[in-house]
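Read the structure below first, then the notes.
Reminder, nothing fancy here: chain letters follow the sequence lines and each chain counts from 1.
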Number of protein chains: 2
Amino acid sequence: MATSREVKKEARWLNPREMKAWRTYIIASRRMLEALDSDLAGYELSMADYEVLAQLSDAPGRKLRMSELAEIAMVSKSRLSHRMKVMEKAGWVRREECPQDRRGFFAVMTDKGFKAIERAAPTHVESVRNRFLDHLTVKDQEELSKIFDRVQSQLRGQFINEE
Amino acid sequence: MATSREVKKEARWLNPREMKAWRTYIIASRRMLEALDSDLAGYELSMADYEVLAQLSDAPGRKLRMSELAEIAMVSKSRLSHRMKVMEKAGWVRREECPQDRRGFFAVMTDKGFKAIERAAPTHVESVRNRFLDHLTVKDQEELSKIFDRVQSQLRGQFINEE
DNA sequence: TAGAAGTAATTCAACTTTCAACTACCTCGC
DNA sequence: GCGAGGTAGTTGAAAGTTGAATTACTTCTA
């Protein structure tokens, strides 16, 4: 495995400050996400499904190509397909053929779906405030935006993996 | 559904600054976690499994009661049971009966398991630096710790759900 | 010291997610 | 206008996750 070209790099372990920042962030985030999910459970929605419906409800005509929806809601195409089947059964969405591209489909939100998300939205927003935003000052919000903008912009395919 | 006691609360939607902070944080976090997971994939480890093994390797005797391990690695007991079965098959851990409490078991890390985590750890730490810590100043780290300490401490069972 | 109540861990069944394979269609170059 | 290669979306099987039920204890209380 080791070739002569390889330099055995000494791992730079995290110092206490780094460790604290990293673990506090990761653990609090995990727990907060769990809480948000459980706040939505009463509406038979997971965060992921909420996100899908929210994006769809914002789209012109509450209608979006499957791929585009998958993209902006950050789920895989396959996962979206499966979830759509479930939400279709619940009567929240339906599929509509795309005349311009006969391979494609639109995901369309039904009135029932719109009502469902409209019902859940205030709770979810309150939930985001309670669990997260209320603990940030305006300055914190701006600082956080900056930090995570940097994090995200550096994220495309450096390091180890293919794309 | 609406009773006379209930006040129809106007939802306080997020203003642009709040929205930006929330979405940037959530989206960047999601993508970063994905990246960290894929950085670990070469070691046949998910972040969750890494966390379990890391906690175990830090424990005295590399040995911990199942419940305790589940707790500190933040996975459910049931999930830990299932993962342990997989990791046991990989030869990374084994179960050991607990003589003091015959209901209980210890999760014990094998040498092979220790080597596996030792191999993965430098990459993972590098990964955490590359993907996250490198984008934070020292002040950012401290600020972030403060923010997420607040978030976490307010998280226990307010709002909507049981506990 | 019996037996009620509580706890540790696993199991089962239902559900969700992933990954790779597949179908059907589009696009481009020649 | 044909065929190679690309893209849209679905599917099916395998793997992972959840939550409730279950088993096998321990602990507490009267």
Side-chain angles (χ1 to χ4, degrees), chain A residues 30-31 33-38 40-42 44-53 56 63-90 92-108 161-163, chain B residues 30-31 33-35 37-38 40-42 44-53 56 59 63-90 92-108 161-163:
Chain A
R30 238 174 122 343
R31 293 216 189 287
L33 266 326
E34 272 170 27
L36 290 176
D37 251 324
S38 92
L40 272 175
E44 317 282 1
L45 278 171
S46 63
M47 279 271 277
D49 285 355
Y50 180 92
E51 184 65 15
V52 168
L53 292 181
L56 200 48
K63 180 173 165 179
L64 231 33
R65 286 293 291 272
M66 290 294 285
S67 308
E68 200 181 347
L69 181 52
E71 175 98 14
I72 63 179
M74 296 210 300
V75 299
S76 69
K77 272 136 75 55
S78 151
R79 183 170 169 183
L80 180 60
S81 254
H82 288 300
R83 295 313 296 153
M84 281 290 288
K85 215 177 303 168
V86 174
M87 297 195 216
E88 208 165 14
K89 203 169 295 177
W92 290 349
V93 294
R94 62 194 159 73
R95 265 172 266 232
E96 202 171 89
E97 291 187 7
C98 173
Q100 297 84 40
D101 184 341
R102 311 214 20 256
R103 293 166 304 181
F105 284 86
F106 289 106
V108 189
N161 278 81
E162 347 62 56
E163 133 75 310
Chain B
R30 238 173 121 344
R31 293 216 189 287
L33 266 327
E34 271 170 27
D37 253 323
S38 93
L40 273 174
E44 318 280 2
L45 278 171
S46 63
M47 280 271 276
D49 285 355
Y50 180 92
E51 184 66 14
V52 168
L53 292 180
L56 200 48
K63 179 173 165 178
L64 231 33
R65 286 292 293 271
M66 291 294 285
S67 309
E68 200 181 349
L69 181 52
E71 174 97 15
I72 64 180
M74 297 210 300
V75 299
S76 70
K77 272 137 76 56
S78 153
R79 183 169 168 183
L80 179 60
S81 255
H82 289 300
R83 296 314 297 155
M84 281 291 288
K85 214 177 302 167
V86 174
M87 297 195 216
E88 207 165 14
K89 204 169 293 176
W92 290 348
V93 294
R94 63 195 157 71
R95 264 172 267 230
E96 201 171 272
E97 292 187 8
C98 174
Q100 297 85 39
D101 184 340
R102 313 211 21 254
R103 293 166 304 181
F105 283 86
F106 289 107
V108 189
N161 277 83
E162 343 63 56
E163 126 76 308

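Counting distance only, with no hydrogens placed and no angle test, the side-chain atoms of A:Arg103 and the base atoms of D:dT7 include a donor-acceptor pair under 3.5 Å. One can find a donor-acceptor pair under 3.5 Å joining the base of C:dC12 and the side-chain atoms of B:His82.
Rounding to whole angstrom units, CE of residue A:Met84 and P of C:dC15 are separated by 20 Å. Atom pair A:Met47:CE and C:dT16:P shows a separation of 17 Å (rounding to whole Å applied). Summarising the geometry, the separation between CZ on B:Arg79 and P on C:dA9 is reported as 18 Å, rounded to the nearest angstrom. Regarding B:Glu44, its CD atom lies at a distance of 16 Å from the C1' atom of D:dG16, rounded to whole Å. Atom CZ in A:Phe105 sits roughly 13 Å away from atom C1' in D:dT11 (whole-Å rounding). Counting to the nearest Å, the C1' atom of C:dA24 and the CD atom of A:Gln100 are 17 Å from each other. Atom NZ in A:Lys77 sits about 13 Å away from atom P in D:dT11, given to the nearest Å. Rounded to a whole Å, the CG atom of A:Asp37 is 13 Å from the C1' atom of C:dT16.
Nearest-nucleotide positions on DNA chain D for B:Ser78 and A:Met66 put A:Met66 closer to the 5' end. Of the two residues contacting DNA chain C, namely B:Ser81 and A:Arg102, the nearest-nucleotide position lying further toward the 5' end is that of B:Ser81. Along DNA chain C, the nucleotide closest to B:Arg95 and the one closest to A:Asp49 are compared, and the more 5′ of them pairs with B:Arg95.
Contact annotation: A:Lys85 side-chain N/O to D:dT11 OP1/OP2 distance is under 4.0 Å. The phosphate of D:dA15 (OP1 or OP2) has no side-chain N or O of B:Arg83 nearer than 4.0 angstrom. Taking only side-chain nitrogens and oxygens, B:Arg65 comes nearer than 4.0 Å to OP1 or OP2 of C:dA9.
Residues B:Val93 and B:Val52 are not in side-chain contact: their nearest non-hydrogen atoms beyond the backbone lie 4.5 Å or more apart.
Within 6.0 Å of atom CZ in B:Arg102, 12 or fewer heavy atoms from other residues, nucleotides or ligands are found, so the atom counts as exposed in its surroundings. More than 12 heavy atoms of other residues, nucleotides or ligands lie within 6.0 Å of CD in B:Glu96, so this atom counts as buried by the packing criterion.
In terms of modelled atom types and a separation under 3.5 Å, the side chain of B:Arg30 and the main chain of A:Met74 share a donor-acceptor contact.
Distance CD/B:Gln100 to CZ/B:Arg65: 8.0 Å, rounded to 0.5 Å.
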